[in-house]
Protein chains: 2
Amino acid sequence: MSERGIKPSNQPALADFKVSVDTVIFSVDTQQNRVLVLLIMRRDDPFSGQWSLPGTLVRQGESLEDAAHRVLVEKIRVNNLYLEQLYTFGGPHRDPRESPKSFGVRYLSVSYFALVRFEEAQFIAEGVSGIAWYPVKQIPSLAFDHGKIIEYGYQRLRNKLEYSPVAFDVLPDVFTLSDLYQLYTTVLGENFSDYSNFRTRLLKLGFLADTGLKASRGAGRPASLYRFDAEAFAPLKDKPLVFL
Amino acid sequence: MSERGIKPSNQPALADFKVSVDTVIFSVDTQQNRVLVLLIMRRDDPFSGQWSLPGTLVRQGESLEDAAHRVLVEKIRVNNLYLEQLYTFGGPHRDPRESPKSFGVRYLSVSYFALVRFEEAQFIAEGVSGIAWYPVKQIPSLAFDHGKIIEYGYQRLRNKLEYSPVAFDVLPDVFTLSDLYQLYTTVLGENFSDYSNFRTRLLKLGFLADTGLKASRGAGRPASLYRFDAEAFAPLKDKPLVFL
DNA sequence: CCAAAAGTGTTTGAAGTACACCCATGC
DNA sequence: GCATGGGTGTACTTCAAACACTTTTGG
């Protein structure tokens with residue numbers, strides 16, 4: 001922002017960019033203990049036939065968030081998800097289209113981080129070809145630097161779980177405390193806390209409302225169903241709230 | 001990244017971008033209890049004559065970090081600072097140069113967050129006109145959306161202080177425990193902890209090495225000088241380390 | 001000797017850790 | 001009744017908050 005719009009001829013040439021918005025969409029299958037990422041099979045060059053993150057190039061008059069939402073709604077048909085900006089990858093040579101033939105155009109990617117409820121997740125990829133959920137532990141080789149973006153996003157997911165209520169964007173509206181615990185162990189690993197202590201701490205925080213309903217799942221005592229109470233949580237926002 | 005390089009005519013037009021890198025550089029004057037931001041007076045349009053963040057437009061073949069460093073080294077002559085990416089602001093109409101006349105070119109800003117030691121900070125702005133340190137509490141009206149970027153950066157600074165050792169990127173190599181405490185109160189406010197408790201906690205963490213030297217500053221008992229021991233800190237990296 | 005700044009110690013209560021144990025259901 | 005998963009309680013330890021007190025300097 002410190003150079004002139006019309007550049008004097010003695011100034012080095014500015015780079016021209018196309019900007020893509022690529023989103024790492026996570027979902028968690030607590031039953032099978034897996035964190036999932038939504039991938040899309042590319043149909044066009046470059047990297048045609050390879051898996052990649054869902055994304056698009058930003059159009060005229062469109063904001064970054066708009067572009068992200070456009071892909072989510074039009075292409076993947078996802079609504080109501082948690083979305084936040086992740087990181088911007090902008091080095092040269094990250095896109096093979098950056099050849100001299102294309103007049104030196106650079107491709108920059110603003111990545112986003114998103115979470116979907118697993119219930120909704122299931123029928124997103126269903127039947128449609130060229131779109132699939134992959135476990136984070138088994139991501140195939142991806143187009144561009146999308147592998148790196150996923151790693152970065154996964155790191156963010158683990159961090160966020162510890163100090164923010166993102167868990168409730170992944171869980172269904174109504175859930176049991178073991179669902180919640182399962183989610184945490186799936187993402188964070190086994191050794192973060194004892195179930196009993198996790199339970200007491202979370203309930204003491206006071207933003208889990210008991211619905212009075214019970215969930216009976218095969219054998220064992222039926223579990224109480226809880227709902228996340230956003231209002232009760234509000235005062236705790238910005239506090240150094242620790243779930244771990 | 002999901003559209004073709006050569007767009008079919010039935011596709012909506014992609015936006016063309018220039019990308020700027022703008023850096024919020026913080027320093028902390030613990031003596032005067034002030035957090036400072038480095039600002040630059042713009043000489044060119046748009047916003048000529050207004051204060052702004054140091055930044056530049058990315059050139060051909062240059063990475064984002066490269067561009068950030070170029071400004072820091074060439075224009076501001078700062079070396080050895082902590083630097084990390086902050087956020088990317090890319091909505092349309094954030095730059096007045098985005099007129100129809102300029103063929104719809106958009107301006108996107110990737111912002112960075114940086115910290116300088118106050119010792120070095122002082123002589124950066126010294127004598128040179130059009131460059132100055134402003135207390136965060138008294139930032140004037142800025143060019144573009146730079147005011148918003150600073151707010152975002154200041155938030156980051158406060159967060160980072162609580163869980164990462166950025167303090168030692170701001171303090172001199174060798175410092176007293178009250179220097180450290182001063183830094184924290186300056187940024188976080190008075191009520192975060194008692195000096196005596198702060199002291200015990202920090203020393204117990206074990207990454208502050210006593211140099212054996214003493215600092216005598218006027219009246220009062222001389223203070224021990226400490227040095228940040230990066231090796232001793234390494235194992236604590238990524239841990240939910242809390243300074244607060 | 002007194003003020004100023006650095007550094008130590010003690011008391012108290014809250015919170016986390018690691019368990020052992022009781023409860024309700026399906027088969 | 002017994003295996004299975006849900007839920008409660010307790011003893012132990014660690015840690016943070018508050019504050020009183022000692023030490024070393026300059027004047």
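The analysis underlying the following values was restricted to heavy atoms, covering all of them including side chains, and did not include hydrogens, waters or symmetry mates. Proteins get letters first, then strands, A, B, ... in listed order; numbering begins at 1 in each.
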Side chain of A:A223 - closest among D:dT25, D:dC19, D:dG7: D:dG7

B:T176-B:D179 side chain donor-acceptor pair, cut-off 3.5 Å: yes

Phosphate contact (D:dT8 OP1 or OP2) by A:R199 side-chain N/O below 4.0 Å: yes

Electrostatic pair B:R201:B:D194 at N-O distance under 4.0 angstrom: no

Closest to the A:S196 side chain, choosing from D:dG9, C:dG7, C:dT8: D:dG9

Donor-acceptor pair (no angle test) under 3.5 Å: B:D194 side chain, D:dA16 base: no

Touch class at under 4.0 angstrom, heavy-atom based, for B:S178 against every strand present: sugar-phosphate

Within the sub-3.5 Å range, which N or O atoms of nucleotides 1-3 of chain C have a protein N or O partner, and how far apart are they?
none

Listed nucleotide nearest any side-chain atom of B:P222, set C:dG7, D:dG6, D:dT24: D:dT24

Closest listed nucleotide, where the reference is the side chain of B:R221 and the choices are D:dT24, D:dA16, C:dA18: D:dT24

Whether B:F228 and B:F168 hold their rings parallel, tilted or perpendicular, with breakpoints at 30° and 60°: parallel

Ring centre gap for A:F175 and A:Y226 strictly below 6.0 Å: no

Centroid-centroid under 6.0 Å between B:F113 and B:F26 rings: yes

Donor-acceptor side-chain pairing of A:K160 and A:Y82 below 3.5 angstrom: yes

Upstream residue (5' side of DNA chain D) when A:T200 and A:R217 are each assigned their closest nucleotide: A:R217

